[in-house]
Amino acid sequence: DEAGVLQAAMVLRHHPVEAVIVDYVGPLDSPGLLAQMVAAARADLVSGGTRRIRCEANHPGIKRALQRAGFRLYRHPGRFR
């Protein structure tokens, strides 16, 4: 935030072929923050040359944030690419 206090963190595994959003640590009741974190993770991985990004999520708020950032549901429930 503006005061320099860490609000959330996202763990990413960089790989040129398929990167993974591994974990999110932060409030789940803040859709704007979740959307910012997913968008920032996506931008970071894409700028690093990743061709595909994968994430598995079961929390409805995280699922919505992934979809808003352009991720699509995969064949299996809770998996996004």
Side-chain angles (χ1 to χ4, degrees):
D1 68 2
E2 295 83 31
V5 177
L6 181 66
Q7 298 294 309
M10 207 162 246
V11 179
L12 311 175
R13 188 189 81 201
H14 287 261
H15 189 275
V17 175
E18 183 177 76
V20 181
I21 298 175
V22 177
D23 203 358
Y24 168 78
V25 180
L28 293 170
D29 60 350
S30 179
L33 178 59
L34 265 168
Q36 288 176 341
M37 294 298 292
V38 170
R42 181 180 174 268
D44 180 59
L45 292 168
V46 168
S47 72
T50 294
R51 294 192 314 234
R52 183 173 53 233
I53 304 169
R54 178 172 53 91
C55 180
E56 294 187 24
N58 57 12
H59 188 276
I62 294 174
K63 288 179 178 182
R64 281 190 298 275
L66 289 165
Q67 289 175 320
R68 284 182 15 197
F71 285 80
R72 298 181 191 165
L73 275 171
Y74 193 57
R75 291 180 229 148
H76 305 285
R79 291 187 184 176
F80 291 82
R81 291 191 179 205

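The structure presented is a predicted model; accordingly, all values stated were derived computationally and were not measured.
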Nearest heavy atoms of [X] and [Y], plus distance in Å:
X: Ile21; Y: Cys55; value: O-SG, 3.8 Å
X: Pro31; Y: Asp29; value: CD-O, 3.5 Å
X: Ala19; Y: Leu45; value: CB-CD2, 3.7 Å
X: Arg13; Y: Arg54; value: NH2-NH2, 4.3 Å
X: Pro27; Y: Ala8; value: CD-CB, 4.4 Å

Is there a side-chain contact between [X] and [Y] in this structure, where contact means two heavy atoms from C-beta onward sitting under 4.5 Å apart?
X: Asp44; Y: His14; result: yes
X: Met10; Y: Val38; result: yes
X: Gln67; Y: Leu73; result: yes
X: Ile53; Y: Leu12; result: no

Can you measure from [atom1] ([X]) to [atom2] ([Y]) and round to the nearest 0.5 angstrom?
X: Arg64; Y: His59; atom1: CZ; atom2: NE2; result: 7.5 Å
X: Leu28; Y: Ser30; atom1: CG; atom2: OG; result: 9.5 Å
X: Gln36; Y: Arg68; atom1: CD; atom2: CZ; result: 9.5 Å

Requested in this report: Decide side chain to side chain contact (heavy atoms under 4.5 Å, CB included) for His15 and Thr50; before the verdict, give the C-alpha distance in whole Å, the side-chain angles of both, and the deciding distance to 0.1 Å.
Outcome: CA-CA 6 Å; His15 189 275; Thr50 294; 5.8 Å; no

Requested in this report: Tell me whether Ile62 is reachable from Val22 by hopping between hydrophobic residues (I, L, V, M, F, W, Y) whose side-chain heavy atoms are closer than 4.5 Å.
Outcome: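 Cluster IDs for Val22 and Ile62 differ.
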
